[in-house]
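These notes concern the structure reproduced below.
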Amino acid sequence: MLTLSKVLKLQIQNALESAFPEAASAARAAGKRLDPLIVPASKPEFGDFQINGALPLAKPLKQSPRQIATAIVEQLETNADFLNLCKPPVIAGPGFINLILKPSCLVNEISSRLIDKRLGVPSIPPKKKNGEISPVVIDFSSPNIAKEMHVGHLRSTIIGDSLARVFEFRGYEVLRLNHVGDWGTQFGMLITHLKEVAPEALSTPNAIDLGDLVAFYRQAKQRFDEDNSFQLASREEVVKLQSEDPIALKAWKLLCDQSRREFQKIYDRLNIDLTERGESFYNPFLRQVIEDLKVKKLLVLDDGAQCVFLEGMTGKEGKPLPMIVKKSDGGFNYATTDLAAIRYRFDASPKGDNALRLIYVTDAGQANHFAGVFQIAERANWVPNHARLEHVPFGLVQGEDGKKLKTRSGETVRLRDLLDEAIERAESDLRLRLKEEGRLESEDFIEHVSKTVGIAAVKYADLSQHRLTNYQFSFDRMLSLQGNTAPYLLYALVRIAGLARKGGMIDIAPDELQFNEPQEWSLIRELLKFDEVIVEVEEELLPNRLCTYLFELSQSFNRFYDQIPILKTDEPYRKSRLALCRLTADTLKTGMTLLGIPTLERM
RNA sequence: GGGGCUGUAGCUCAGCCGGAUAGAGCGACGGUUUCCUAAACCGUAGGUCGUGGGUUCGAGUCCCGCCAGCCCCGCCA
């Protein structure tokens, strides 16, 4: 409906301007145009679109809104192209104009969707900068080496992946960057600990499996906190690492490799593709960041540290807020790395990523930090003209008590345990249902369905929530088989797959399509919204909009399925209804794929 | 002290550029299956949109004040 609503908007704008030529030319003289304010109808009984533009014109034109609406409608009724698309417009309420699309128009839209793999979503040509393709860079997931992925990484990973998929579908080149925490002072204690507990690992390849890295990290941390000589050794180790001592580097690499393997297991389960480029990657560029800030006269020495004072942000006692980019001991910190990363990502290749759009998917708690870093990047002139630099923040994952999600013993929940539990619960639900229905299924089937449903439930629960709000994690709710959940959507697809098995998904010629039931028309209208929703998600970066749409589409389909016979009806309705089923399945599958959720044929 | 986010039905949440009588789901109550997977469908009840002002023809939505919760604020990320 994207193109259709554009056409209508133009037609209505013309009608508005011919109805009120003086006001139109006055608006044009001011560099504006009269706005018909055409939006999707707020309720089905108001038709397909509503024109709100008559109301705000009442005052300047000194006419009643209904008079204005009448004048617009009179103009529209002289337009044959318009009358080809819409039924005669209806003036309603204080001065709204309701538009109802003609059935022939809707059927045309449906038949072009049926042969369009992109389901009406336009593909944009690849963006170019400096003559080369310019990717959208999305920075997401970003766990820390030697720590286990936990719920805190869940939202970034899932939301980032979904946004990346939407951009890819729209035709953008996307660079999915995993900015893992692979550098910093914590490596001092880790390497020191490694040298003591497993020195052989440094000389013999694959000599040791570090096993539970979390336990390893905890041991190292405990010794660091308790043992002075260990602390001293750790600090020395940091210096060695930074000066590229081969043994320290080897130990560092060992820890990174081990972590990478652990992370990859999670990414494989979640079916998420990422390019790892950790903080250490930017080490060679840190000095240049400081140099450039100095050249741009942004650098100030304060209390022994090199800072940039932020504009428009004040700290305690109203003083400008500093951002430290070089510590008093000469070391760099995360702000420096983040600045180097922005610079690199916008720079032209080969010494940069040549990006025009850079998106960070991190928790809302880092909003201040990114606002500061972005401001410095702007002031240092590292952000090209027309480039976009965005923080995409999200709220916390909370337990059902409304507090930060913890295990019963009060520890952070490991991501793999969380996924395991979702799958286990999905499995026991499934087994119970099979038993109740007297169905017999193979163990392979049960395993596959449980995994798919469990992971889908976790992802969908997260994505269907508005990004910014804190999100209350509940296995019971996300796996519930009713409501706005992954299983509900998956079930709609399973129903269609069942029809396909029994009735076949036959091809239908456009002129054979014929509909006569209200449930068909409401499903048709729902199907046609898909393209607008995708474009909206791309603009707003809010995957929950797609979830809401897919849920409403599923509801609309389930009503249709429940109330209208499909296989047991005469032609041409049988074929027409099957065509709607196929289009529903294609739309749901595409939508779910954009959420990163695989679908099922049976469940 | 400064800044950010949040506050909508008993619970969990939607609500698009300000538009018509504020919507879902869960839970509660009632109904639907000789028929394509009932993990579904239909119906009923449930609201001072935190609060007080302001802007507007029109405010859940925009502006200001206040209240509550969470988060951030110099050498961790």
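Reckoned from all heavy atoms, side chains included, excluding hydrogens, waters and symmetry mates. Every chain is numbered from 1, with letters handed out A, B, ... down the list of sequences.
- Separating the P atom of B:C16 from that of B:U61 is a span of 11 Å, rounded to the nearest Å.
- Nearest heavy atoms, A:His179 versus A:Glu279: NE2-CG, 3.5 Å.
- Taking only distance into account, the side chain of A:Asn98 meets the base of B:A20 through a donor-acceptor pair shorter than 3.5 Å.
- Judged by ring centres under 5.5 Å apart and planes tilted less than 30 degrees, A:Tyr491 fails to stack against the six-membered base ring of B:A40.
- When heavy atoms are screened at a 4.0 angstrom cut-off, A:Gln50 is found touching base atoms of the nucleic acid.
- The aromatic ring of A:Tyr561 is not stacked on the base of B:A40, since the criterion of ring centres less than 5.5 Å apart with planes inclined by under 30° is not met.
- Heavy atoms of A:Ala492 sit nowhere under 4.0 angstrom from any nucleic acid atom.
- For A:Asn368 and B:C72, a side-chain-to-base donor-acceptor distance below 3.5 Å is present, hydrogens and geometry of angles not being considered.
- Base orientation of B:C17: syn (glycosidic angle within 90° of 0).
- A:Gln472 comes within contact range of the sugar-phosphate backbone alone, with a heavy-atom separation under 4.0 Å but no base atom that close.
- Of the P atoms belonging to B:G19 and B:G53, the separation is 23 Å, rounded to the nearest Å.
- Checked options A:Asn52, A:Ile12, A:Ile68, A:Ile72; the residue passing with A:Ile97 is A:Ile72 (criterion: side chain to side chain contact (heavy atoms under 4.5 Å, CB included)).
- Using a 4.0 Å cut-off between a side-chain N of Lys or Arg and a carboxylate O of Asp or Glu, A:Arg602 and A:Glu441 qualify as a salt bridge.
- Nucleic acid contact class of A:Arg602 (heavy atoms, under 4.0 Å, all strands): base.
- The residue from A:Glu532, A:Glu538, A:Glu536 that alone fulfils the salt bridge (Lys or Arg N to Asp or Glu O under 4.0 Å) condition with A:Arg545 is A:Glu536.
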